[in-house]
S.K.: 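Input: one structure, supplied below.
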Amino acid sequence: MSFKPVVGSYPLSRPRRLRQNAWVRDMVAEHRVTASDLIWPIFVHDKDMARDPIRSLEGVDRLSINEAVKEAKEAHAMGIPALALFPNIDPSLRNDEATAAIDPNGLVAQTCRAIKSAVPEIGLIVDVALDPFTAHGHDGLLIDGQIHNDKTIEILIQQAIVQAEAGADVVAPSDMMDGRIGEIRKAFEARGLHDKLIMSYAAKYASAFYGPFRDAVGTSALKGDKKTYQMDAANSDEALREVMMDIQEGADMVMVKPGLPYLDIVQRVSETFKVPTFVYQVSGEYAMIKAAVAAGFMDHDKGVFETLLAFKRAGASGVLTYFAKYVAERLQA
Ligand SMILES: NCC(=O)CCC(=O)O
Ligand SMILES: [Mg+2]
């Protein structure tokens with residue numbers, strides 16, 4: 001399907017006619033941001049405080065389970081379809097085997113049960129990866145100094161099952177091990193978890209924009225980098241191969257991450273595969289906007305909405321963003 005737009009020449013065509021005031025701009029707008037576009041990432045912790053502010057993410061707190069339940073209710077009331085859950089685990093529970101990741105009574109499982117029993121209508125997306133649970137902060141098992149792909153997958157499968165059985169509607173593997181989508185899907189089928197959705201972080205880049213997230217989940221001490229498993233910023237075709245494999249392995253939805261620096265990837269993926277394609281406006285993107293606003297260089301709301309529209313233009317089905325609840329509130333006002 002291709003068509004050539006007919007464009008008249010000046011003065012028959014004056015594109016500015018369609019921009020002359022708010023009602024006409026509104027009427028011809030090609031894209032809109034709505035609450036249903038937003039997925040809200042939240043952090044839970046096992047400390048005794050209701051809320052613990054995250055220094056590098058202004059306005060974002062780590063939450064107790066009770067507080068997370070309250071936030072889930074509010075988010076649902078504002079029309080946010082889903083939350084994405086991330087844990088900050090007590091350092092004493094982290095080890096090289098990431099055993100806390102598969103604890104059916106751990107922080108994540110408890111939070112899933114609490115949210116799903118209080119607000120069953122909100123979608124619950126849970127991150128599948130080992131970084132909050134390993135002492136070293138890598139997403140996989142470190143064996144002889146290397147991230148071991150297949151041994152990591154064995155734990156990811158158990159982690160995903162624990163999450164799904166605790167009530168997660170969607171598991172979202174963000175680890176970038178090869179083949180994990182297929183193995184999780186097979187394990188789900190074998191256990192009768194046919195309806196659990198998988199949102200694959202299919203094209204996740206090794207990025208400088210994850211810094212504040214590592215502060216949030218307590219993995220800032222990470223030594224080295226994640227370049228042997230996350231993608232190289234130099235690559236674009238490779239993202240299509242990654243996405244294709246994950247769809248073939250049973251992913252229902254795919255994600256590109258980070259967001260703004262990878263808009264070209266969002267567009268290529270959504271146009272090529274026509275599957276629900278999400279994008280993660282990551283912590284460093286959030287922090288950059290907050291910093292620019294604090295310095296007086298940018299209007300907060302204009303900056304936020306402009307970035308969200310960019311994701312919609314690029315073809316995203318939805319955006320994971322720390323601004324989600326704020327934006328949903330603004331949309332109601
Ligand atoms: N697996 C989830 C992330 O790595 C989030 C990154 C961020 O917000 O910086
Ligand atoms: Mg892959």
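Both counts, for ligands and for their atoms, begin at 1 and track the order of listing. Numbering starts at 1 and runs along the sequence shown.
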S.K.: With sequence neighbours excluded, what pairs up with R55 under the side-chain contact (heavy atoms from CB on, under 4.5 Å) test?
M.R.: D215

S.K.: Start with the C-alpha gap between D37 and T34, add the side-chain angles, then the distance that decides, and say whether side chain to side chain donor-acceptor pair (under 3.5 Å) holds.
M.R.: CA-CA 6 Å; D37 294 316; T34 64; 3.2 Å; yes

S.K.: Taking only heavy atoms of the protein into account, state which residues are under 4.0 angstrom from an atom of ligand 1, in chain and number order.
M.R.: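 Its neighbours under 4.0 Å (heavy atoms only) are F86, D127, S174, Y201, K204, F209, Y210, F213, K257, Y280, V282, S283, Y322, given by chain and number.
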
S.K.: Using a cut-off of 6.0 Å, state whether more than 12 heavy atoms not belonging to D48 lie near its atom CG.
M.R.: no

S.K.: What is the ring orientation for F43 with F86, classed by angle as parallel under 30°, tilted 30 to 60°, or perpendicular over 60°?
M.R.: tilted

S.K.: Report the relative orientation of the aromatic rings in Y322 and Y280; use parallel for angles under 30°, tilted for 30 to 60°, perpendicular for over 60°.
M.R.: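 Correct class here is tilted.
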
S.K.: Could you check whether F323 and H300 have their ring centres less than 6.0 Å apart?
M.R.: yes

S.K.: Could you walk me through whether N105 and R113 pass side chain to side chain donor-acceptor pair (under 3.5 Å), step by step?
M.R.: CA-CA 10 Å; N105 291 311; R113 285 192 287 268; 3.2 Å; yes

S.K.: Run the side-chain contact (heavy atoms from CB on, under 4.5 Å) test against A77 and tell me which residues pass, sequence neighbours left out.
M.R.: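 Listed in chain order: nothing, the list is empty.
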
S.K.: For a distance under 2.8 Å, give residue and atom name for each protein N, O or S atom next to the Mg ion (ligand 2).
M.R.: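 Correct list: E242 OE1.
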
S.K.: Output, in order, the C-alpha distance, side-chain angles, deciding distance and verdict of side chain to side chain donor-acceptor pair (under 3.5 Å) for S174 and D127.
M.R.: CA-CA 6 Å; S174 70; D127 198 64; 3.0 Å; yes

